[in-house]
> 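First, the structure itself, so that you have it in front of you.
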Amino acid sequence: FINHLTELQSITADETGISIGAGVSYSQAFDVLRDEIPSLGRLIDRIGGQQVRNMGTIGGNIANGSPIGDTPPPLIALGAELTLRSHSGRRTIPLEDYFLAYGKQDRLPTEFVEKVFVPRPAEGSHFAVYKISKRRDEDISALCGAFHLVLDADGKVANIRIAFGGMAATPKRAKHVEDALLGEVWSWATVSGVRDAFAEDYQPLTDWRATADYRSLTAKNLLTRFFLETAGAPAELRRFELEEA
Ligand SMILES: Cc1cc2nc3c(=O)[nH]c(=O)nc-3n(C[C@H](O)[C@H](O)[C@H](O)COP(=O)(O)OP(=O)(O)OC[C@H]3O[C@@H](n4cnc5c(N)ncnc54)[C@H](O)[C@@H]3O)c2cc1C
């Protein structure tokens, strides 16, 4: 229990990004992130309940290494870097490299998580994170998906990072889906055409929160949701909605 270490409790923002000390509580992080990265702020506000948000820390959520911790997917999608510290110094690694396998993280016996640095999303880029759970509060995610998209001047995908929790033994990027989207026009034809690539990235489990089929379908649908939120509903989908109505 390290909540008394005030040196780990600072959160600072500048033009490059936001540096979050490992001991910063969810409530403290929410106060800053709701303005800096609103979608991430909204997610933090849905972790546990108010008591957990006041006591639980961003560092604990990461260090814990849970495949269903809510902060790693959005932080990985944003390209966050993790700083680990020990008596012999510090090292900084991409957050996604910290999660090696179920229950196994890249942390040496004497190391602790000191801070996480979240680069500020580029001007004009799109970022969103979606938590799927049965209740607003006090409910662990069945899955949690985060999307970070940069388009070029021609409306093509210049960069995309997609990361999910609840879909694998660790928080994990959807590299096959990302590769299928890279360089393509950000259109409904492109997005609907890459949905099946999720099966190459994730073979989720069935547990009491959700079935494997539910998780697989929802991951695809979250990509659709992200597309609709960034590009607006294309004609085919609007027609579908009208027919369904
Ligand atoms: C009722 C309840 C509801 C919850 N709901 C959610 C939810 O909706 N979403 C979600 O993501 N999580 C949820 N959690 C988990 C919670 O958010 C925290 O991630 C978890 O409890 C860790 O809390 P903590 O920060 O106090 O860390 P601790 O419990 O103190 O630590 C967790 C582990 O990480 C280690 N650790 C902590 N900090 C560091 C560090 N800086 N460096 C190295 N090791 C460290 C500790 O030694 C320990 O092994 C919930 C927990 C509870 C009890």
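Each ligand, and each atom within it, is numbered from 1 in the order the structure gives.
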> Any chance the side chains of S25 and N54 put a donor and an acceptor closer than 3.5 Å?
no

> For the residue pair Y130 and E229, confirm or rule out a side-chain donor-acceptor distance under 3.5 Å.
yes

> Tell me, which protein residue and heavy-atom name are nearest atom 45 (C) of ligand 1, and how many Å apart are they?
A63 CB, 3.3 Å

> Quick one: pull up CZ in R195 and OG in S216 and give me the separation to the nearest 0.5 Å.
11.0 Å

> Quick one: which ligand 1 atoms are inside 4.0 Å of a heavy atom on V113?
40 (C), 41 (N), 42 (N), 43 (C)

> Looking at atom 23 (O) of ligand 1, what's its closest protein heavy atom, distance included?
G56 CA, 4.2 Å

> Atom 16 (C) of ligand 1: which protein heavy atom is closest, and how many Å away?
Y26 OH, 3.6 Å

> Would you check the N or O atoms of N3, main chain and side chain alike, for any that come under 3.5 Å of an N or O of ligand 1?
no

> Determine whether the side chains of S133 and R46 contain a donor N or O and an acceptor N or O closer than 3.5 Å.
yes

> Return the closest protein heavy atom for atom 20 (C) of ligand 1 as residue, atom name and distance.
N64 ND2, 4.0 Å

> Please check whether E111 reaches ligand 1 - meaning an N/O of the residue sits under 3.5 Å from an N/O of the ligand, judged on distance alone.
no

> Using a strict 4.0 Å cut-off to heavy atoms of I140, name the atoms of ligand 1 that fall inside it.
5 (N), 6 (C), 7 (C), 13 (C)

> Nearest protein heavy atom to atom 15 (C) of ligand 1, by residue and atom, and its distance?
N61 ND2, 4.5 Å

> Just to check, does K131 reach to within less than 4.0 Å of ligand 1 when the distance is taken from its heavy atoms?
yes

> Which of the numbered atoms in ligand 1 are below 4.0 angstrom from a heavy atom of G69?
11 (O)

> So which heavy atom in the protein is nearest atom 27 (O) of ligand 1, and how far is it from that ligand atom?
G60 CA, 3.7 Å

> Does ligand 1 have a heavy atom under 4.0 Å from the side chain of D139, from its backbone, from both, or from neither?
backbone

> How far is atom 3 (C) of ligand 1 from the closest protein heavy atom, and which atom is that?
E138 OE1, 3.4 Å

> Shortest non-hydrogen contact from A163 to P73?
CB-O, 3.5 Å

